[in-house]
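Here the structure comes first, spelled out in structure tokens, and everything after it is commentary.
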Amino acid sequence: MNALQRDLKRLVPMVEAAGAARVAADPHRQKLHVQPPVGWLNDPNGLCQIGDEYHVFYQYGPFDPTGGVKHWGHVRSRDLFHWERLPVMLYPDEPFDCHGVYSGSALVEDGMLYLYYTGNVKRPGEYDYIKQGRGHNVCLATSRDAIHLDNKRCLMYNQDYPAGLTCHVRDPKVWKKDDTYYMIQGARTKNDVGQALIFESSDKINWHFRSRVESEKPFGYMWECPDYFETDGIKILSSSVQGLEGKEWADRNVYQSGYFLVDGDILDSYKLSPYHLWDYGFDYYAPQSFEAEDGRRIHISWMGMPDCEEYTNPTIKDGWQHCFTFPREVFIKDGKVCQKPVRELDAKKQQLQDVQNKLTQSGCPVYEVNVDEIKENHFQAVLSDELILDYENGRFQMHFTTKSKTFVSAGRSLRYAEVGTLENVKILADTSSVEVFVNDGEFVFSTRYYPNDYKIVVHSPSAHITFDKIQ
Ligand code: FRU
């Protein structure tokens with residue numbers, strides 16, 4: 001262990017202990033969602049299952065609720081519901097990752113945990129840190145017990161990537177097929193075009209560039225956090241895209257997270273479908289998935305938005321910011337990619353109401369509401385008087401009555417998706433978040449919100465409406 005790692009290992013728990021009382025006093029701490037003990041959280045990293053435990057790591061800035069240098073925080077769970085906090089797994093303590101242990105993924109083999117991540121390095125000087133001055137290195141950390149780090153090393157530097165790229169090449173996601181290991185990374189070309197790069201290896205250590213994955217026409221300037229997987233026979237390339245502007249993107253978030261369906265072989269000849277968003281809400285970025293041992297594709301995202309000036313999170317004043325989405329299962333229904341909260345949630349629900357037409361419930365912050373058999377698109381739900389979910393002119397909308405930064409919205413306004421016929425709506429609410437699954441999760445909307453009093457009123461003539469408290 002080097003001296004910096006030794007000191008950071010002592011310092012981070014001290015900072016966590018010093019901030020704990022202030023964070024715990026915040027009424028907007030979440031009950032179901034992974035959140036940082038203090039400071040800042042962004043992307044989910046290294047999602048995996050080892051035996052009967054799920055391990056989740058997160059981009060963690062313990063020293064600053066508005067960001068700071070990134071570590072890998074660590075939690076584990078047996079039921080994807082209760083999360084146990086473990087010591088920080090990776091510190092920015094080597095020359096190859098000293099400005100941040102950036103995002104990456106996990107590979108579990110023979111009980112060993114292999115964590116591939118981007119070591120971020122910023123050289124001192126007058127650089128733009130896009131075309132010059134930055135190192136984005138592929139690094140590998142290994143652990144025998146998934147808690148203690150055995151070893152960290154750097155496997156690739158920018159000079160090992162193909163020509164024509166800026167310094168921005170990051171977020172390795174690794175998988176194994178037959179006897180070969182594959183790695184996909186996100187990249188920004190010198191012409192400001194986003195793409196993904198595929199590398200291959202026969203030993204997990206020595207990697208060779210294999211191919212680029214590109215859209216037919218340029219699509220954004222940077223693809224972050226790429227993920228490639230197959231589920232129910234459908235091939236999905238997920239990526240968080242920066243630089244989509246104008247027309248259909250004008251009313252949306254500053255950056256997008258979505259996926260292309262892959263027709264053909266991503267390693268050879270393929271065609272990408274149009275891009276579909278994973279989520280149409282305000283707070284959703286950089287999702288990652290893994291396959292659970294029972295075959296489910298589980299998907300977790302950062303419930304936040306980088307570089308966002310439009311809205312904020314008042315938890316900053318209490319010393320913390322951001323959380324993850326509740327884990328979701330990705331599945332295919334009638335050829336469409338859908339999402340739903342993991343089924344482990346069902347065991348935690350207690351039904352309080354089962355009604356038709358109209359439902360009102362007050363005083364319960366953590367709940368699930370299901371509205372089924374919606375007739376003629378007639379639906380409206382109002383949460384804590386200020387967050388409205390409704391259907392108008394072919395659109396499902398999520399909007400706030402006021403976008404004042406001091407109200408429930410903390411600056412959020414309106415998001416929508418074109419939805420042909422509204423069939424059903426599931427609302428999963430926690431103390432300061434709402435995730436809405438429309439038409440069996442074909443469309444999803446996630447947002448943070450900051451009520452003082454909890455209340456939901458649903459109107460949907462002739463529909464079947466249930467309210468379940470979650471505990
Ligand atoms: C996405 C991202 C990644 C990067 C990480 C740094 O939110 O920008 O591309 O690895 O966050 O925290």
Side-chain angles (χ1 to χ4, degrees), residues 34 36 39-47 56-74 88-92 96-106 115-122 129-130 134-141 154 156 158 161 165-174 183-189 192 194-197 220-227 237-244 253-259 278-279 282-289 299-308 313 321-325 446:
V34 172
W40 160 280
L41 164 152
N42 58 300
D43 313 356
N45 294 151
L47 308 183
V56 166
F57 302 87
Y58 54 93
Q59 287 287 286
Y60 180 29
F63 304 116
D64 182 354
T66 63
V69 65
K70 302 303 178 315
H71 301 47
W72 273 34
H74 188 186
V88 164
M89 187 74 183
L90 301 174
Y91 296 89
F96 52 76
D97 63 14
C98 58
H99 290 92
V101 185
Y102 273 14
S103 285
S105 59
L115 299 173
Y116 293 89
Y117 67 92
T118 299
N120 182 48
V121 175
K122 287 174 95 173
Y129 295 109
I130 298 170
R134 188 188 289 273
H136 270 173
N137 310 315
V138 173
C139 309
L140 170 63
C154 184
M156 278 195 275
N158 286 73
Y161 307 146
L165 302 172
T166 61
C167 311
H168 284 223
V169 175
R170 58 178 175 266
D171 310 332
K173 175 91 197 282
V174 171
M183 172 191 292
I184 189 163
Q185 297 207 72
R188 173 174 183 166
T189 69
D192 286 332
Q195 55 180 225
L197 309 173
Y221 61 73
M222 173 69 192
W223 292 7
E224 295 193 301
C225 302
D227 191 3
L237 171 65
S238 169
S239 189
S240 291
V241 177
Q242 301 184 322
L244 299 172
N253 297 336
V254 49
Y255 305 139
Q256 311 299 330
S257 289
Y259 59 89
W278 283 116
D279 194 297
F282 297 94
D283 295 281
Y284 188 93
Y285 197 65
Q288 189 182 103
S289 74
H299 208 233
I300 300 180
S301 179
W302 175 25
M303 208 176 345
M305 186 49 56
D307 302 331
C308 175
N313 298 296
Q321 190 178 192
H322 297 310
C323 64
F324 285 165
T325 55
S446 301

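Bear in mind the structure is a predicted one, so any value in this text is a computation, not a measurement. For ligands, and for the atoms within them, numbers begin at 1 and follow the listed sequence.
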Legend entry - Qualifying residue for ring-ring contact (aromatic ring centres under 6.0 Å, His included) with Trp40, from Tyr58, Trp302, Phe63, Tyr60: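 By the ring-ring contact (aromatic ring centres under 6.0 Å, His included) criterion, Trp40 pairs with just one of Tyr58, Trp302, Phe63, Tyr60: Trp302.
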
Legend entry - Spatial distance of atom CH2 (Trp278) from atom OG (Ser301) [nearest 0.5 Å]: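 OG of Ser301 is found 10.0 Å from CH2 of Trp278.
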
Inset, instruction - Verify whether one side chain among Asp43 and Gln288 offers a donor that lies under 3.5 Å from an acceptor in the other. - result: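 No, no side-chain donor-acceptor pair sits under 3.5 Å.
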
Inset, instruction - State whether a side-chain donor-acceptor pair under 3.5 Å links Gln256 with Tyr285. - result: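 There is no such pair (donor and acceptor under 3.5 Å, judged by atom type) between the side chains of Gln256 and Tyr285.
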
Inset, instruction - List for me each residue that meets side-chain contact (heavy atoms from CB on, under 4.5 Å) alongside Tyr129, sequence neighbours excluded, and say none if there are none. - result: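 Expected list: Lys122, Tyr127, Arg134.
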
Inset, instruction - State, with a plain yes or no, whether a side-chain heavy atom of Cys98 is found less than 4.5 Å away from one of Pro92. - result: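 A side-chain contact under 4.5 Å is absent here.
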
Inset, instruction - Could you pull out every protein residue that has a heavy atom closer than 4.0 Å to ligand 1, ordered by chain and then number? - result: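 Protein residues near ligand 1 are Asn42, Asp43, Gln59, Lys70, Tyr102, Ser103, Arg170, Asp171, Glu224, Tyr285, Trp302.
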
